[in-house]
Amino acid sequence: MSSNQRELASSFVPGDIEAPLYKKWIDAGYFTADANSSKEPFTIVIPPPNVTGNLHIGHALDQTLQDCLTRLKRMQGFEALWLPGMDHAGIATQNVVEKQLAAKGLSRHDLGREDFVKKVWEWKAESGGQILGQMKRLGDSVDWSREAFTMDENLSQAVLTIFKKLFDQGLIYRAERIINWCPRCLTALSDIEVEHQDDEGEFVQVRYGDGDASIVVATTRAETMMGDGAVAVHPDDPRYKHMIGTEVLLPLVNRMIPIIADELVDPDFGTGAVKVTAAHDPNDFEMAMRHNVPFVVIMNEHGVMDGTGTEFDGMDRFEARIAVVAKLKEMGRIVAEKRPYIHAVGHCSRCDTTVEPRLSKQWFVKVAPLAKAAGDAVRDGRVKIEPAELAPRYFEWVDNMHDWCISRQLWWGHRIPVWYGPNDEVVVVGPGESAPAGYTQDPDVLDTWFSSALWPFSTLGWPNESADVKKFYPTSVLVTGYDILFFWVARMMLFGLFAMDGVPPFHTIVLHGLVRDQFGKKMSKSRGNVVDPLEFIDKYGADALRFTLARGSNPGKDQALAEDWIAGSRNFATKLWNATRFAMMNGATTEGPLPAQSSLSAIDAWILSRLSETTTEYTALLESYEFARACETIYHFAWDDLCDWYLELSKEAFASGDAAASQRVLGHVLDTLFRLLHPVMPFITEALWTTLTGKETLVTAAWPIADAAHIDKKSETLIGELQKIITEVRRFRNDQGVKPSQKIPGRIIAPADVTAYSSAMAFLLKLELTDFTPSASVEIGAMKVELDLSGTVDVVAERARLEKDLAIAQKDLKTAEVKLGNEGFMAKAPAAVVVEIKERLAVTTADIERITAQLAALK
RNA sequence: GGGUGGUUAGCUCAGUGGUAGAGCGCCUCGUUUACACCGAGGAUGUCGGGGGUUCGAAACCCUCACCGCCCA
């Protein structure tokens, strides 16, 4: 089929093309990677969204960038694999199903563990993973044949394998520690599952003991005092030095507790004396270990007071706080109180309940040796972090990482593969092994991030020696928001290096920022400023959303997003559509060789030169993850250079019917432009390109290589001159109130290389190149356009125009004169800069002369 | 408290030593051989304050102020 037989719809409706194109791509298998290919691999594993999740705007950004890179590399001839999948999201998913049960008045305990887990699987089958369908709307070129889930059989084998390996090397241990406990979820949480917020609390000073044997302690948690085992002061504090080693009476429970000295106490905080509640505070726990302070547990797993033997037993912890303070007040023991007292309090990241530090026996990963390796891999350059400015954050965390609590008191997740014998024997059961008879398995499951830490290789088939692992590991790039650098990225580094014999899980970590609202504020349900990417896709098309997000994505930086900007991207898509329609109406073609460079008009040579430069610049920007700058570059090439100038300057040639060279050049420019834009705007480029070329698909088409022979500075300079004089004439017409469509007699007086394009310029400026007596003229440098306004020149407007130009020229002249008159400048500035300023002086001097003469003539 | 980013046009942001930029918004004109989701033209900034380095600073250094994020 030749190009003039194919047609584009007269208007661009994204919804008409997107779904059919995605189906075409899937049916053709373009996204399916081949482990046996001889091509160099390029691998990205998707940050697995929660099985409970829906596509939010952050996913849309993350995935747009990943798709850009994957499509780019696929076109560049790599064996590109973008591997999709989901995370089982332990607490989140269990919460969803428990909520459903609660609606029927049931708890998970009513079902029992086995049936509950079955129920979760049923839920997943029915309503989990909605995000996968939404990813298709976005156009993600993921390999669906490799879709993975962290609870899949193979990924579970990976979990068992690594658990056993870590345990055997002494890197997993069980210990009684203070951990973060959620009294609502009834499970332990790791440090990063705790979110610190500034809450309104209270700060009270309580007198322990009486008379000489008394000391005032400061606390925000009066209710825990019944669990105190000591009072601590700084060893050098003169106020308390004499009391160290003595005992005071603990009110309410009437127990004598020692006063101890510990460096951890800040003498400037409160009264300089703090209560030591070993079983209910992590700092106190540490001090207690050093000083043999007893652990007194006074709260149960629900955060309810228990075992104090006082009237407070049975009270909720917050209720108890009020009651305890009231009672102390009654006893005259409250020395001072401050309320509200704003301080940071930990909350469960899943349900927002205030976290309770709790003494409890849990499983931990000993991270020190793993974290050292993870830090070194980045330090020695084996893994790059982009942008590099974010590397210090990574180091700060990896170098100061606490041991990782990995057990969770949940039912949904990978059950801890530890079995206990009748005499407390401990056996870890690896893949294919079974526990000795009479042993019982630990009831807890592993932290969700334990399995996601294995994602870059468990999804490829590890621990089996799969073809995928051989071909696609290590992965090339990991694209994710900086907000999960610690949650996920650092942990993949830890486990990846450990499991894969020191081979890091990816070469480059590309970090992007968060999507914020149009005023740069964080999106949140409470603010009501959360946007739905699917609504934007419905309204403006996936390409528009993608382009907007990519265009806003500066490395590692947050971006604001406004609906207007998506509309702007939709306008860009429409522009491309209409430009292509126009081009095809005028015979643009991709068939046959490009005309010889020497035979081209300056207009054609110029656009090829700009195309070549744009290709180079844009490719380099994409390859260095500078998505915002890349989009900016291609946007201005397409809209400004191509649509506003090339097409306009070419209209005369197309109208004259003698434009074979331009038809071929234009076909080439569009062909290349669509290839370049395809990673960002896959749908519209596919539609336009296949229509233009008659070929099957752009998905697997070759990435353009800039032709250095097309760089033509002479044509660029010449077209630059044309643009200047055209703009000046337009400005003149505008100032004179001449309508854009009104034809007026005119003539172009300029050097021959400019006048060679007189007819193109005249067509564009609506000038009639006939004989006439000029009544006005517009000049720029050596170029002059004479016009006939039939004697109706608006002298006032023209004076204003010239005077404005004169003022600018005079200011520029002065700047140049000052510089050239500066001895320091002349002595020290680089020669090239001096030459430039001298040229500027010459140009402005000439401008001033010319404008002054024109103004004089106007009198 | 420790770390870290920011302050440039009305808004959101680019711009790492040589005449201040983009998108959106704003003003004027306009149914011109694609496109009003458009075209042409225009207005708008002592680049947070102060000091310093330099022939030259939005950019480099110091300092202050004010926002923000991460960690404790």
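The sequence lines fix the lettering, A, B, ..., with proteins before strands; numbering per chain opens at 1.
Within the 4.0 angstrom heavy-atom criterion, base atoms lie near A:R840. Here A:E648 lies in heavy-atom contact (under 4.0 Å) with a base. Residue A:P830 is in base contact, counting any heavy-atom pair closer than 4.0 Å across all strands shown. Within 4.0 Å (heavy atoms only), A:D812 reaches at least one base atom of the nucleic acid. Backbone-only contact: A:N554 has heavy atoms under 4.0 Å from sugar-phosphate atoms and none from a base. A:R570 comes within contact range of at least one nucleobase, with a heavy-atom separation under 4.0 Å. Here A:T580 lies out of heavy-atom contact (under 4.0 Å) with every strand.
Comparing the same atom, P, in B:C47 and in B:A59 gives a spacing of 10 Å after rounding to whole Å. B:C13 and B:U7 have their C1' atoms separated by 12 Å, with the value rounded to a whole Å. The same atom, P, is picked in B:G41 and in B:G15; the two are 27 Å apart, to the nearest Å. Between the C1' atoms of B:A22 and B:G17, the separation comes to 22 Å (whole Å). Rounded to whole Å, the P atom of B:G25 lies 12 Å from the corresponding atom of B:G39. When the P atom is used for both B:U63 and B:G2, the distance is 15 Å, rounded to whole Å. Across B:G52 and B:G6, the matching C1' atoms stand 23 Å from one another, rounded to whole Å. Comparing B:U44 with B:C26, their C1' atoms sit 9 Å apart, to the nearest whole Å.
Rounded to an integer number of Å, the gap from A:Y482 OH to B:C71 P is 11 Å. The NZ atom of A:K743 sits 17 Å away from the C1' atom of B:A40 (whole-angstrom rounding). Atom P of nucleotide B:U28 and atom CD of A:Q736 are separated by 19 Å, given to the nearest angstrom. Distance, A:L545 CG to B:C37 P: 21 Å, rounded to whole Å. Between A:W397 atom CH2 and B:C69 atom C1' the separation is 17 Å, expressed in whole Å. Protein atom CZ of A:F395 is 17 Å distant from nucleotide atom P of B:G3, rounded to whole Å. In this structure, the NE2 atom of A:H636 is 5 Å from the P atom of B:G23, given to the nearest Å. Remark: C1' of B:G68 and CG of A:L514 are 12 Å apart, rounded to the nearest angstrom.
Both A:H402 and A:Q518 sit near RNA chain B, but only A:Q518 has its closest nucleotide nearer the 5' end. Each of A:F763 and A:F12 was assigned the nucleotide of RNA chain B with the nearest heavy atom; the assignment lying further toward the 5' end belongs to A:F763.
The side chain of A:A560 sits closest to B:U12 out of B:U12, B:C69, B:C38. Here B:G42 is the nucleotide among B:U32, B:C38, B:G42 with the atom lying nearest to any side-chain atom of A:K804. Across B:G30, B:G18, B:G23, the shortest atom-to-atom separation from the side chain of A:V833 is found for B:G18. Of the candidate nucleotides B:A14, B:G2, B:U33, B:A14 has the atom lying nearest to any side-chain atom of A:K557. When distances run from any side-chain atom of A:A829 to the nucleotides B:C24, B:C55, B:A34, the shortest one goes to B:C55. Here the nucleotide nearest the side chain of A:R730, chosen from B:C70, B:C37, B:A40, is B:A40. Considering only the side chain of A:K651, B:A34 comes nearest among B:G30, B:A34, B:C37. The side chain of A:E396 approaches B:G2 more closely than any other nucleotide in the set B:A34, B:G2, B:G39. Comparing B:C37, B:C35, B:A40 by their closest approach to the side chain of A:D644 singles out B:A40. Of the candidate nucleotides B:A14, B:A40, B:A34, B:A14 has the atom nearest to the side chain of A:R629.
Nucleotide B:U31 forms a pair with no other nucleotide shown, judged by Watson-Crick or G-U wobble geometry with both contacts under 3.5 Å. The partner of B:C47 is absent, by the rule that a Watson-Crick or G-U pair needs both atom distances under 3.5 Å. Across all strands shown, the partner of B:C26 is B:G42, judged by Watson-Crick or G-U wobble contacts whose two distances both fall under 3.5 Å. Across all strands shown, nothing is found opposite B:A57 as a Watson-Crick or G-U wobble partner with both distances under 3.5 Å. When both distances must be under 3.5 Å, the Watson-Crick or G-U wobble mate of B:G21 is B:C13. The base-pairing partner of B:A36, taking Watson-Crick or G-U wobble contacts with both distances under 3.5 Å, does not exist among the strands shown. In this structure, B:G68 forms a base pair with B:U4, meeting either the Watson-Crick or the G-U wobble geometry with both donor-acceptor distances under 3.5 Å.
Neither OP1 nor OP2 of B:C70 sits under 4.0 Å from any side-chain N or O of A:R393. Within the structure, every side-chain polar atom (N or O) of A:N734 is placed at least 4.0 Å from both OP1 and OP2 of B:G42. Listed pair A:T574 / B:C37 fails the phosphate criterion, with no side-chain N or O lying under 4.0 Å from OP1 or OP2. Between A:W639 and the phosphate of B:G39, there is a side-chain N or O to OP1/OP2 separation shorter than 4.0 Å.
The environment of NE2 in A:H636 is crowded: more than 12 heavy-atom neighbours from other residues, nucleotides or ligands sit within 6.0 Å. Residue-environment remark: CG (A:D658) stays at or below the threshold of 12 foreign heavy atoms within 6.0 Å. Open room surrounds CD on A:E823; 12 or fewer heavy atoms of other groups in view lie less than 6.0 Å from it. Heavy atoms from other residues, nucleotides or ligands lying under 6.0 Å from NZ of A:K372 number 12 at most.
A salt bridge links A:R610 with A:E613: at least one charged nitrogen is closer than 4.0 Å to a carboxylate oxygen. Of the charged side-chain nitrogens involved, at least one lies within less than 4.0 Å of a carboxylate oxygen, so that A:K539 and A:E563 count as a salt-bridged pair. By the 4.0 Å N-to-carboxylate-O rule, A:D794 lies too far from A:R801 to be salt-bridged with it.
Of all non-hydrogen atoms in A:K819 and A:F825, the two that sit nearest each other are O-CD2, 3.2 Å.
For A:Y482 and A:D558, the side-chain atoms include at least one donor-acceptor pair closer than 3.5 Å.
Taking CG of A:D805 as the start and CD1 of A:I780 as the end, the distance is 7.5 Å to the nearest 0.5 Å.
For A:K739 against B:C29, no side-chain N or O and base N or O form a donor-acceptor pair under 3.5 Å.
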